[in-house]
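Heads up, the thing below is written out as structure tokens.
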Amino acid sequence: MHQDVEQILVTEEELNKIAHRLASQITKDYEGKKLLLIGVLKGSIYFFTDLSRYIDLPCNIDFIHGSGTVSSGKINIIKDVADDLTGFDVLLVEDILDTGNTLKYIHDMLSKRNPESIGVVTLLDKPARRIADIKADYVGTDVPDAFVVGYGLDYDQYYRNLPYIGVLKKSIYEK
Ligand code: IMP
Ligand code: MG
């Protein structure tokens with residue numbers, strides 16, 4: 001275990017099971033639909049690559065990147081997806097739903113582009129911290145209100161490449 005990690009919350013094996021479980025649900029639910037998976041950069045990349053490989057359906061993939069969440073709830077889009085989503089059943093893929101402000105902003109923005117539907121899949125959910133009116137259709141697992149890193153999730157851009165989800169030691173972000 002990394003020296004800055006206090007506790008492992010979700011192991012590699014559990015992460016793999018989550019990706020398989022959600023992918024098989026999505027495979028059933030989206031059969032016959034024009035699926036477009038949109039990963040929210042950068043945090044979702046490891047989950048996105050696992051999940052998408054286990055979805056047994058034809059699909060398109062793309063990525064959207066917003067700059068760090070601002071308290072106003074408005075985010076700056078650095079890398080966008082197509083202006084026109086007509087006909088697509090979009091599934092947004094997130095690393096974690098915390099306050100929900102980021103995903104709510106992206107969800108509302110993409111809703112205006114005429115998609116057939118927009119769903120949300122999140123690896124982790126911190127329901128205790130939700131502010132925005134948004135709910136995920138598929139959740140990997142709930143996590144307590146602690147700062148977590150790994151498998152894509154960062155603290156100050158580090159720790160993304162840890163193969164598990166761990167709780168970061170308070171001494172790291174309080175120093
Ligand atoms: P929001 O509060 O739901 O808008 O969360 C936005 C973003 O904050 C997420 O996509 C993550 O990148 C980041 N975030 C929230 N909680 C954590 C955490 O515990 N660890 C790492 N990143 C987090
Ligand atoms: Mg982040």
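Computation of the quantities below employed the complete heavy-atom set of this structure, encompassing side-chain atoms and omitting hydrogens, waters and symmetry-equivalent molecules. Here the structure is a predicted model, which is why all the values come from computation and not from measurement. If you read the sequence from its start, that first residue is 1, and numbering goes on from there.
Looking only at atom types and distance, the side chain of Y155 has no donor-acceptor partner in the side chain of D4 under 3.5 Å away.
When atom types are taken as modelled, the side chain of R113 and the backbone of A82 share a donor-acceptor pair closer than 3.5 angstrom. Within the 3.5 Å criterion, the main-chain N or O of Q3 finds a donor-acceptor partner in the side chain of K169. In terms of modelled atom types and a separation under 3.5 Å, the side chain of T27 and the main chain of D56 share a donor-acceptor contact. In this structure, the side chain of K33 does not engage the main chain of V90 through any donor-acceptor pair within 3.5 Å. For the pair D137 (side chain) and V120 (backbone), a donor-acceptor distance under 3.5 Å is present.
Taken to the nearest 0.5 Å, the CG atom of L36 stands 6.0 Å off from the CG atom of N60. Note that CD1 of I64 is 7.5 Å distant from CG of L92, once rounded to the nearest 0.5 Å. Here the straight-line distance linking atom CD1 of I165 with atom CD1 of I18 works out to 8.0 Å at 0.5 Å rounding. With values rounded to the nearest 0.5 angstrom, L91 atom CG is found 13.0 Å from I61 atom CD1. The distance from atom OG1 of T122 to atom OH of Y138, rounded to the nearest 0.5 Å, is 13.5 Å. Here the CD1 atom belonging to I134 is positioned 10.5 Å from the OG1 atom belonging to T99, to the nearest 0.5 angstrom.
Ion pair K135/D125 not flagged as a salt bridge, since none of the NZ, NE, NH1 or NH2 atoms sits closer than 4.0 Å to an Asp/Glu carboxylate oxygen. Salt-bridge check for D108 with K104: passed, with a basic side-chain N closer than 4.0 Å to an acidic carboxylate O. The pair R160-D95 fails the salt-bridge criterion, with no side-chain N (NZ, NE, NH1 or NH2) lying under 4.0 Å from an Asp/Glu carboxylate O.
Closest non-hydrogen pair, P127 versus D142, comes out as CG-OD2, 3.9 Å. Of all heavy-atom pairs between Y164 and T11, the closest is CB-CA, 4.3 Å. The two residues D145 and R129 make their nearest non-hydrogen contact at OD1-CD, 2.9 Å. When all heavy atoms are compared, the tightest approach of L41 to S44 is N-OG, 4.4 Å. Nearest approach of F48 to G39, heavy atoms of both residues: CE1-N, 3.4 Å.
A continuous path of hydrophobic side-chain contacts links F88 to M109 [ILVMFWY only; heavy atoms under 4.5 Å]. Using a 4.5 Å cut-off between side-chain heavy atoms of Ile, Leu, Val, Met, Phe, Trp and Tyr, with links allowed through other members, I118 and I77 fall into the same hydrophobic cluster. One hydrophobic cluster, built from ILVMFWY side chains closer than 4.5 Å, cannot hold both L153 and L97; they sit in different ones. Residue L15 is not grouped with residue I8 when hydrophobic side chains (ILVMFWY) are merged at heavy-atom distances under 4.5 angstrom, including chains of intermediate members. Cluster annotation: L37 and L57 are assigned to the same hydrophobic cluster (Ile/Leu/Val/Met/Phe/Trp/Tyr, side-chain heavy-atom contacts under 4.5 Å, transitive).
Residue K28 qualifies as open at atom NZ: its count of foreign heavy atoms under 6.0 Å is 12 or below. Surrounding CG of D133 are at most 12 heavy atoms belonging to other residues, nucleotides or ligands under 6.0 Å away. Open room surrounds OH on Y158; 12 or fewer heavy atoms of other groups in view lie less than 6.0 Å from it.
Results of the side chain to side chain contact (heavy atoms under 4.5 Å, CB included) test with Y151 over L124, V10, I45, D50 single out D50 as the only residue that passes.
Between H2 and Y159, the ring planes are perpendicular. Angles over 60° get that label, and only those under 30° would be called parallel.
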Please report the C-alpha distance between I172 and F147 in whole Å, then the side-chain angles of each, then the deciding distance to 0.1 Å, and finally whether the side-chain contact (heavy atoms from CB on, under 4.5 Å) criterion is met. CA-CA 11 Å; I172 304 298; F147 199 84; over 6 Å; no
Decide yes or no on side-chain contact (heavy atoms from CB on, under 4.5 Å) for N161 and Y46, but give the supporting numbers first. CA-CA 9 Å; N161 63 330; Y46 295 84; 3.6 Å; yes
Applying side-chain contact (heavy atoms from CB on, under 4.5 Å), run through I96 and F47 and close with a yes or a no. CA-CA 11 Å; I96 187 165; F47 177 51; over 6 Å; no
Applying side-chain contact (heavy atoms from CB on, under 4.5 Å), run through I106 and E94 and close with a yes or a no. CA-CA 11 Å; I106 290 172; E94 251 290 30; 5.8 Å; no
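Taking the side chain as every heavy atom from C-beta outward, L51 and I26 approach each other to under 4.5 Å. Annotation: side chain of T141 is not in contact with side chain of L9 (no heavy-atom distance under 4.5 Å).
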